[in-house]
Engineer: 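Pasting a structure here, questions to come.
Letters A, B, ... are given to chains in the order of the sequence lines, protein chains preceding strands, and every chain is numbered from 1. Values below: every heavy atom of this structure, side chains too, minus hydrogens, waters and symmetry copies.
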2 protein chains.
Amino acid sequence: MFFLRELPTRMMIDRYVSASGVGDTDTVAQALSMMREASQLGRILDAYFSNYNLSQLKFHILIVIDREPNTDSLRQSEINQRLDVSKPVLHRTVASLLDEGFLVRNDDTQDSRAHRLALTDAGKTMLAAILPGYFETISDYMEKKP
Amino acid sequence: MFFLRELPTRMMIDRYVSASGVGDTDTVAQALSMMREASQLGRILDAYFSNYNLSQLKFHILIVIDREPNTDSLRQSEINQRLDVSKPVLHRTVASLLDEGFLVRNDDTQDSRAHRLALTDAGKTMLAAILPGYFETISDYMEKKP
DNA sequence: CTTATTTAGTTATCATGATAATCAAATAAG
DNA sequence: CTTATTTGATTATCATGATAACTAAATAAG
C-alpha cells in the first residue's frame, strides 16, 4: 500500500537521487507514481470484489486453477508456486473457498499428505460472473486517470 | 496486493475486453503489469523499512510532517488529509511513533480536542538516515526489472 | 442562548497479510 | 534397511489494514 496522496516533488527526489548519483530522478518519480496508481486501482478492485463477497486473493486462486491447461485441479503447493502469498494465508483462504462451496478437495493419489483442489460449478459460475466486470473496472480506471 | 506471479495471457484478456468492447486489451495488460510490479517493489520496500523497524506508513507520516512548508507540526486530521489511510490506523501508528520517540505531541492552542504532532530529533535523524536508501532501493528495482 | 450538526480523536472488533514452529509422509543418503 | 532431509499441510501468534460506533469539543442553525 502506498498512502501518500501527493507524491514527493521532483526537487525533493532530485536532492537524494541525482545528487548522490544513485539513479535517475525521472525513473524514481515514475516508480512512485506507479505505486500510487496501483494502490488506488487496488482499492477500486477490492471494492468491486467485495460486491461478490470475494477478495483479490480468492479471485486469483480461482483463476490459477481455472486457467491450468492440462488438469482441472491443483495442489495447495502448486497454487503457492503460482501465487506470491504465504502458505498459511493460502491455506486459510482455500479453507474459506471450500466452506463457501467454490472449491472441492479430493485426496491426491500420488501423495497421501496432499489434496487436489478443483473448482465447483458454483466456482466456475462465480468466475464467469466476475471476470468481465473485473476487466471493465481496470479499463475504466485506466481511461479516467489523468 | 497483486499475487499472480504470471499475468493473464493477452489472449485471455482479449476474450473479455475487446470482445465485449469495454476497453483496450493493451491498456488492461499494462494495468495488470503495473499492479504486479508495484506489489513486488512494495515488498522490497517493506523489507528495506523493516531493517529500521519502520513501515511504509510510519515513513509516510514522518515525511508529510517534515515536508510541510510553513510549520513543523501537523494535527492527526491534517496528516489524514495527506495520507490515504483510515483514522484508527493512523491513530494507532502515530501512537507507536510517539512511543518510539520519533514524534512529540503538544496541545493545540486553537482546539482543545486536537494535538499537534512534530518530529523529534530522533525522528529527523531517522528520516535522514532512511531517505537515501529508500530512493536507491526504488532506483535499483527500476533498473533491474525486465 | 439553546439545540443540532460537524469535527477531532478514540475504542472495539474484524479481515487479511506475515513468520515461526510443528506433524506426518515422501525421498535421499549412508 | 535405517536415519536424515525435504516437502505438504497445518497451527499458533503477531502485524497492519478496515468499518462502525462512540465521546467531547467546536461550530452552525433556529
Engineer: If you assign each of B/His115 and A/Val89 to its closest nucleotide in DNA chain C, which residue comes earlier from the 5' end?
Structural biologist: B/His115

Engineer: In this structure, how many angstroms lie between the P atom of C/dA8 and the CD atom of B/Glu78, rounded?
Structural biologist: 9 Å

Engineer: Rounding to an integer number of Å, can you tell me how far B/Leu98 CG sits from C/dG9 C1'?
Structural biologist: 13 Å

Engineer: Quick check for you: name the first and last nucleotides of DNA chain D, 5' to 3', having an atom under 4.0 Å from a heavy atom of chain A.
Structural biologist: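 The contacted stretch runs from D/dT7 to D/dA18.
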
Engineer: Would you say B/Ile79 ends up clustered with B/Val104 if hydrophobic residues are merged whenever their side chains have heavy atoms under 4.5 Å apart, either directly or through other cluster members?
Structural biologist: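 Shared cluster, no.
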
Engineer: Of A/Met35, A/Gln30, A/Arg36, A/Glu37, which is the lone residue that meets side chain to side chain contact (heavy atoms under 4.5 Å, CB included) with A/Ser33?
Structural biologist: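 Output: one option passes, namely A/Glu37.
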
Engineer: Please determine which of B/Asp72, B/Leu74, B/Leu98 meets the side chain to side chain contact (heavy atoms under 4.5 Å, CB included) test together with B/Leu117.
Structural biologist: B/Leu98

Engineer: Give the rounded distance in Å between these two atoms: CG of B/Leu83 and C1' of C/dG9.
Structural biologist: 16 Å

Engineer: With nearest nucleotides of DNA chain D determined for A/Gln81 and B/Asp84 from heavy-atom distances, which residue corresponds to the more 5′ nucleotide?
Structural biologist: A/Gln81

Engineer: For A/Ala47, is there any backbone N or O sitting under 3.5 Å from a side-chain donor or acceptor partner on A/Ser50?
Structural biologist: yes

Engineer: With sequence neighbours excluded, tell me which residues meet ring-ring contact (aromatic ring centres under 6.0 Å, His included) with A/His60.
Structural biologist: B/Phe2

Engineer: Touch check for A/Ser112, heavy atoms < 4.0 angstrom, all strands: base, sugar-phosphate only, or nothing?
Structural biologist: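 The residue A/Ser112 makes sugar-phosphate contact but no base contact.
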
Engineer: Does A/Thr137 use its side chain to pair, donor to acceptor, with the backbone of A/Leu45 at less than 3.5 Å?
Structural biologist: no

Engineer: Using a 4.0 Å heavy-atom cut-off, does B/Ser86 contact any base of the nucleic acid, only the sugar-phosphate backbone, or nothing at all?
Structural biologist: base

Engineer: Could you work out how much the helix from C/dC1-D/dG30 to C/dG30-D/dC1 bends, comparing the axis of its first five pairs with that of its last five, to 10°?
Structural biologist: 20°

Engineer: Distance-only, no hydrogens or angles: does the A/Tyr16 side chain make a donor-acceptor pair with backbone N or O of B/Glu136 under 3.5 Å?
Structural biologist: no

Engineer: Nearest heavy atom decides the nucleotide; on that basis, is A/Arg92 or A/Arg116 closer to the 5' end of DNA chain D?
Structural biologist: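 It is A/Arg116 whose nearest nucleotide is closer to the 5' end.
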
Engineer: When the distance from CG of B/Asp111 to P of C/dA8 is rounded to whole Å, what number comes out?
Structural biologist: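 It is 7 Å, rounded to the nearest whole Å.
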
Engineer: State plainly whether the residues B/Asp26 and B/Arg10 are in salt-bridge range, i.e. N to O under 4.0 Å.
Structural biologist: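 Looking at B/Asp26 and B/Arg10, the cut-off is met.
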
Engineer: Write down the atom of B/Ser18, the atom of B/Asp14, and the distance for their closest heavy-atom approach.
Structural biologist: OG-OD1, 2.9 Å

Engineer: What is the separation between atom CG on A/Asp107 and atom P on C/dA24, rounded to the nearest whole Å?
Structural biologist: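 The answer, rounded to whole Å, is 17 Å.
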
Engineer: For B/Lys87 and C/dT10, what is the distance between atoms NZ and C1' respectively, to the nearest whole Å?
Structural biologist: 9 Å

Engineer: Let's see if you can work this out: which of C/dT10, C/dA20, C/dA26 has an atom nearest to the side-chain heavy atoms of A/Arg113?
Structural biologist: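 Per side-chain heavy atoms of A/Arg113, the pick is C/dA26.
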
